[in-house]
Amino acid sequence: MTSPLARLEVRDPAGVFAARQLGHGLAGLLGLDRQDQVRVATALSEIGRSAVTAGLSAVLTFGVGDAELVLAVTMDGDPPADGIASAGRLMDQVTVEGNVVRMTKRRPPGVRPDRRLVSEQLAAARSQSALDELRRQNQDLITALDDLGRQKDQLVLLNAELQETNQGVMAMYDELSSELEQTNRGVVALYAELDETSERLRAASESKDRFWANVSHELRTPLNSIIGLTRLLAEPDPDGGALDPERLYQVELIRNSGGTLLALVNDLLDVAKAESGQLHTDPAHVDLAALFGRLRGLARPMAQDKPVTVTVDAAGAPATVLTDEVALTGILRNLLSNGIKYTDRGEVRLSVRVSGRRLEIIVADTGIGIPAGLTSHVFEEFYQVPGVRRGGTGLGLPYARRLSRILGGDLTLTSEPGAGTTVVLDLPLQTPRLGTVLLADDDERFRGILRGLLDGRADTVLQAADGSQALAMTKDHPVDLVLADMRMPGLDGGALLARLPPAIPAIIVTSADVPPPPRAAALLRKDELTAERLEFTIRAVIGGPS
Ligand code: ADP
């Protein structure tokens with residue numbers, strides 16, 4: 001709803017000034033702010049000026065809507081575009097219908113213009129001169145400049161605030177980055193310490209191995225002499241002279257103690273050897289029936305003095321298994337002797353089960369068992385269940401487990417106190433078929449030999465003449481196993497292994513007498529290489545504990 005307020009005709013520049021002044025005044029009466037008053041005045045004067053310049057005359061009608069000031073400018077021709085464009089930038093809405101331009105500007109609602117004041121404005125506008133208008137415009141300009149000045153001041157203030165905020169942010173950032181730097185320094189120091197500690201640990205473990213190996217050697221020599229001498233002492237001498245029974249008894253005691261001590265030293269030596277990776281394996285197709293026969297003969301006398309039956313049951317066993325016979329015998333003898341040692345009545349039974357590609361040899365007894373919670377400790381070196389001393393060193397089980405792992409298997413123990421203990425040795429029975437094997441050796445002939453040995457065991461055999469070539473190939477192909485020479489031109493075996501993705505197992509095949517690099521899963525000597533040895537090693541590396 002629009003109600004008319006005033007009307008003004010514009011025909012010449014004086015009319016344009018009048019329109020401008022009236023617009024200013026009415027906008028003021030309607031409660032528009034100063035800037036909007038100037039905007040309305042300028043829009044009207046622009047529309048008027050464009051009409052006069054184009055030789056048209058215009059009639060302005062002012063009206064008020066509920067929330068806006070409404071201006072309609074009717075011309076006696078097409079309203080010129082430049083005036084409309086200027087007005088469009090100053091008013092809220094400008095529409096053109098035929099030769100009528102309609103413009104609106106929002107106003108504060110509820111302000112009712114006083115009729116008398118409107119008439120006064122109209123009269124003043126009509127009677128004003130160009131000089132008045134100039135003064136008026138100057139005043140507008142001054143006000144606008146004042147506004148601008150105030151805005152500038154505000155801007156300066158804002159800038160200062162912004163700068164302060166920035167300084168705050170910078171300070172916070174500085175604080176954070178110095179904190180971060182400090183944390184980083186801490187982490188770096190921690191890592192350095194960690195490296196140092198693990199280096200010290202490694203050195204300590206090495207010197208422990210060395211110590212054991214040396215001490216065991218040093219002890220074995222005099223012990224063997226002592227045992228030998230006691231044997232001599234106990235025997236009657238060629239002249240028929242013999243020790244009196246009391247002395248003989250004492251010498252026997254010395255011999256027994258010497259024997260026990262030697263067994264302990266031998267255990268120590270075994271463990272030290274296995275730990276330092278020096279244990280030499282000699283894989284062959286071991287006849288299980290024969291091996292079990294020997295074990296039976298070995299174990300039965302151990303149970304002579306108590307109501308314990310020793311059963312070695314070969315039913316279900318494969319005829320042969322590719323493994324190291326000495327190591328396998330060592331493990332099983334150990335398990336049987338433990339079973340007998342910790343069983344007072346009942347049975348110790350060795351049996352066999354084939355489970356998929358694995359062979360399980362089970363030693364179960366009906367003995368005293370191991371309290372729950374302690375079963376994991378029995379594989380720790382020197383650990384013995386408290387209160388159950390029956391001789392021994394606490395080295396048997398850890399050594400047996402180490403040997404099992406060297407054979408590509410593992411040892412697990414379950415037990416129930418008072419009911420018995422079961423230990424399972426799990427060994428690889430078949431070699432899994434390999435996808436892609438990569439051979440890295442500068443000796444082409446030897447690569448040929450390896451290729452031949454892998455025939456039928458691997459789908460693809462890739463060949464590289466040096467470490468860098470090999471490394472490049474692992475980037476292009478999914479490789480399941482690497483067999484690498486130690487000495488190669490350029491990138492040698494050790495350097496190749498250090499750069500190989502950790503997921504790819506690697507076996508060093510070398511004629512050099514060098515220790516294997518730490519990353520190697522196994523080491524094979526070229527002069528000892530046989531199909532069995534290669535297969536056994538691959539099994540131990542690829543077909544580890546299932
Ligand atoms: P040890 O030389 O003392 O027999 P082992 O390393 O072979 O050392 O075993 C560690 C400990 O585990 C033993 O001292 C014993 O307490 C416990 N243990 C091993 N085998 C058995 C078993 N078959 N039954 C009960 N306890 C066992």
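Atoms within a ligand are numbered from 1 in the order they appear, just like the ligands themselves.
- Heavy-atom proximity to Leu395, at under 4.0 Å, picks out these atoms of ligand 1: 6 (O), 8 (O).
- Using a 4.0 angstrom heavy-atom cutoff, Gly367 does not count as in contact with ligand 1.
- Contact atoms of ligand 1 toward Ile370: 18 (N), 25 (C), 26 (N), 27 (C) (distance under 4.0 Å to a heavy atom of the residue).
- For Lys341 (side chain) and Met302 (main-chain N/O), no donor-acceptor pair under 3.5 Å exists by modelled atom type.
- Within the listing of ligand 1, atoms 10 (C), 11 (C) sit less than 4.0 angstrom from a heavy atom of Tyr383.
- Proximity annotation for atom 3 (O) of ligand 1: of His377, Glu380, Gln384, Gln384 comes nearest, heavy atoms only.
- The shortest N/O to N/O separation between Val385 and ligand 1 falls below 3.5 Å.
- The closest donor-acceptor contact from the side chain of Asp480 to the backbone of Thr436 lies under 3.5 Å.
- Between Val388 and ligand 1, no pair of N/O atoms sits closer than 3.5 Å.
- Asp365 places a side-chain N or O within 3.5 Å of a backbone atom of Thr421 that can act as its donor or acceptor partner.
- The existence of a salt bridge linking Asp344 and Arg390 is confirmed by a sub-4.0 Å separation between a basic side-chain nitrogen and an acidic carboxylate oxygen.
- A donor-acceptor distance shorter than 3.5 angstrom exists from the side chain of Lys306 to the backbone of Thr343, with no hydrogens or angles considered.
- Here the heavy atom of the protein found nearest to atom 9 (O) of ligand 1 is Leu397 CD1, 3.7 Å.
- Remark: Arg433 CZ is packed, more than 12 non-hydrogen atoms of other residues, nucleotides or ligands lying under 6.0 Å away.
- Assignment of Lys341 to the shell around ligand 1 is supported, since a heavy atom sits closer than 4.0 Å.
- Atom 21 (C) of ligand 1 has Tyr342 CD1, 3.4 Å as its closest protein atom, hydrogens excluded (heavy atom only).
- Considering only non-hydrogen protein atoms, atom 23 (N) of ligand 1 sits nearest to Asp365 OD2, 2.9 Å.
- Counting only heavy atoms of the protein, atom 2 (O) of ligand 1 lies nearest to Thr393 N, 2.9 Å.
- Using a 4.0 Å cut-off between a side-chain N of Lys or Arg and a carboxylate O of Asp or Glu, Asp282 and Arg533 qualify as a salt bridge.
- Between Leu534 and Ile538 there is a side-chain heavy-atom pair separated by less than 4.5 Å.
- Listed by atom number, the atoms of ligand 1 under 4.0 Å from Pro398 heavy atoms are 6 (O).
- Remark: the backbone N or O of Thr230 is not paired with any side-chain donor or acceptor of Arg255 at under 3.5 angstrom.
- Of the protein's heavy atoms, Asn338 ND2, 3.4 Å lies nearest to atom 20 (N) of ligand 1.
- Among protein heavy atoms, the minimum distance from atom 12 (O) of ligand 1 is reached at Val378 CG1, 3.3 Å.
- The protein heavy-atom contact nearest to atom 1 (P) of ligand 1 is Gly394 N, 3.5 Å.
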